[in-house]
Amino acid sequence: MEENNTSTNCSDVEDYVTDNYNHISPDIFYTASNIPGPGANLEDFETQFVGGCVCEEGRCYTENRCPCVVKYGVNYEKNGRLLDSKFSGPVVECNSLCGCVGQGRCGNRVVQFGPRDGLQIFETGHSKGFGLKSETEILKGEFICEYAGEVLSMEEAKRRTQANNGKMNYIFVLNEYISEGCVLKTYVDPTTIGNIGRYINHSCQPNAVVVPVRTDIPVPKLCIFALKVIHCGDEITFDYGGGNSKDWCPIQTGLTKKKPCFCGAEACKQYLPYDETLF
Ligand SMILES: C[S@@+](CC[C@H](N)C(=O)[O-])C[C@H]1O[C@@H](n2cnc3c(N)ncnc32)[C@H](O)[C@@H]1O
């Protein structure tokens with residue numbers, strides 16, 4: 001089934017995000033960006049991320065000493081592609097308090113302009129349900145789309161996982177290693193409120209990766225970038241375990257059965273990764 005691009009159906013969208021995608025089912029509601037769900041810390045959605053460079057020419061690269069770039073590091077090449085050094089994040093972009101807002105395309109703003117065009121939902125035909133592909137070639141480091149949905153507390157994420165009873169799982173758990181022994185976990189659930197990213201399947205040898213990006217608020221956007229060239233028509237995939245899951249044991253469906261992986265990669269680890277805090 002092909003994606004229908006005819007209407008904009010985005011609620012809760014920050015003004016500058018343009019996202020003209022919508023869902024294949026009327027039971028799924030579109031949101032272009034994360035929204036607070038049950039148990040989310042509302043303060044995190046209401047707090048403006050500190051910032052505010054005064055770069056008036058809108059070119060926030062290292063050489064003109066943009067304070068945002070100096071503080072958080074260079075994120076993108078001048079063509080907007082993610083630098084190799086930032087594939088494991090974190091990325092902080094210039095925000096709405098910065099002097100470069102509205103001053104042309106600032107080099108430190110990419111994901112806040114929304115997903116790329118030409119993404120299509122399709123039936124994989126491989127017991128994976130729907131998947132996502134692109135009708136244009138995607139180059140390494142290019143931004144594809146967010147994986148957006150309701151941000152949940154761990155308790156709510158766990159409750160939903162257990163109530164899900166083995167159906168498709170959409171809850172993504174982002175683990176950010178803040179300091180030794182300290183992991184910041186963000187639970188994003190696009191099951192019923194989500195964006196185009198919810199159709200991306202797992203692969204043990206993926207061509208894309210999830211990178212946490214912050215723009216205006218402390219809540220990270222789960223941003224999907226190409227790890228290598230993705231040819232027109234290739235399925236877009238990322239590693240649900242973030243590539244560093246220790247537990248390649250099976251995700252549980254009905255809490256007892258294994259969930260096999262059908263990614264088809266040579267190095268397939270046979271089962272989908274999971275985050276143990278969901279169980
Ligand atoms: C985020 S959804 C992906 C979109 C989903 N395929 C759909 O039709 O809406 C995640 C679910 O897709 C299925 N899935 C994703 N990758 C898979 C894979 N490599 N092998 C088997 N099932 C997969 C699993 O049921 C998983 O819980």
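Index from 1, following the sequence. Just follow the structure's listing: the first ligand is 1, and inside any ligand the first atom is 1.
- Annotation for ligand 1: atoms under 4.0 Å from non-hydrogen atoms of Cys263 are 19 (N).
- Remark: aromatic rings of Tyr271 and His202 are distant, center separation not under 6.0 Å.
- When the heavy-atom distances from atom 8 (O) of ligand 1 to Phe262, Phe130, Phe238, Tyr274 are ranked, the shortest goes to Phe130.
- Distances from ligand 1 to the non-hydrogen atoms of Lys167 include no value under 4.0 Å.
- A distance-only check finds a donor-acceptor pair linking the side chain of Glu142 to the backbone of Leu139 [under 3.5 Å].
- Looking at Glu156 and Arg160, a side-chain N of the basic residue comes within less than 4.0 Å of a carboxylate O on the acidic one, giving a salt bridge.
- At a 4.0 Å cut-off, not a single heavy atom of Leu132 sits close enough to ligand 1 to count as contact.
- Not a single heavy atom of Phe172 sits closer than 4.0 Å to an atom of ligand 1.
- Within the set Asn169, Ile121, Asn201, the minimum heavy-atom distance to atom 15 (C) of ligand 1 is found for Asn201.
- A 6.0 Å sphere centred on CG of Asp234 holds more than 12 heavy atoms belonging to other residues, nucleotides or ligands.
- Under a 4.0 Å criterion applied to the non-hydrogen atoms of Tyr147, ligand 1 contributes the atoms 1 (C).
- A donor-acceptor contact shorter than 3.5 Å links the side chain of Arg198 to the backbone of Thr191.
- Note on Lys128 versus Glu235: salt bridge recorded, some NZ/NE/NH1/NH2 to OD/OE distance being below 4.0 Å.
- Formation of a donor-acceptor pair under 3.5 Å by the Asn75 side chain with backbone atoms of Val92 is found in this model.
- Among the candidates Tyr240, Tyr187, Phe238, the single residue satisfying the ring-ring contact (aromatic ring centres under 6.0 Å, His included) test with Phe172 is Phe238.
- Short contacts between ligand 1 and Pro260, defined as distances under 4.0 Å to a heavy atom of the residue, involve ligand atoms 20 (N), 21 (C).
- Using modelled atom types, one finds no donor on one side chain facing an acceptor on the other under 3.5 Å when comparing Gln205 with Glu266.
- Counting heavy atoms only, His202 comes closest to atom 16 (N) of ligand 1 of the residues His202, Glu123, Gln270, Lys128.
- The closest approach between any non-hydrogen atom of Cys261 and ligand 1 is below 4.0 Å.
- Annotation for ligand 1: atoms under 4.0 Å from non-hydrogen atoms of Arg198 are 1 (C), 2 (S), 3 (C), 4 (C).
- Near Lys259, the atoms of ligand 1 lying under 4.0 angstrom from a non-hydrogen atom of the residue are 24 (C), 25 (O), 27 (O).
- With no hydrogens or angles considered, no side-chain donor-acceptor pair links Asp117 and Asn20 at under 3.5 Å.
- Near Gly129, the atoms of ligand 1 lying under 4.0 angstrom from a non-hydrogen atom of the residue are 8 (O).
- Of all the heavy atoms of Leu272, the ones lying under 4.0 Å from any atom of ligand 1 belong exclusively to the side chain.
- Among Tyr170, Tyr271, Tyr199, the residue whose heavy atom lies closest to atom 9 (O) of ligand 1 is Tyr170.
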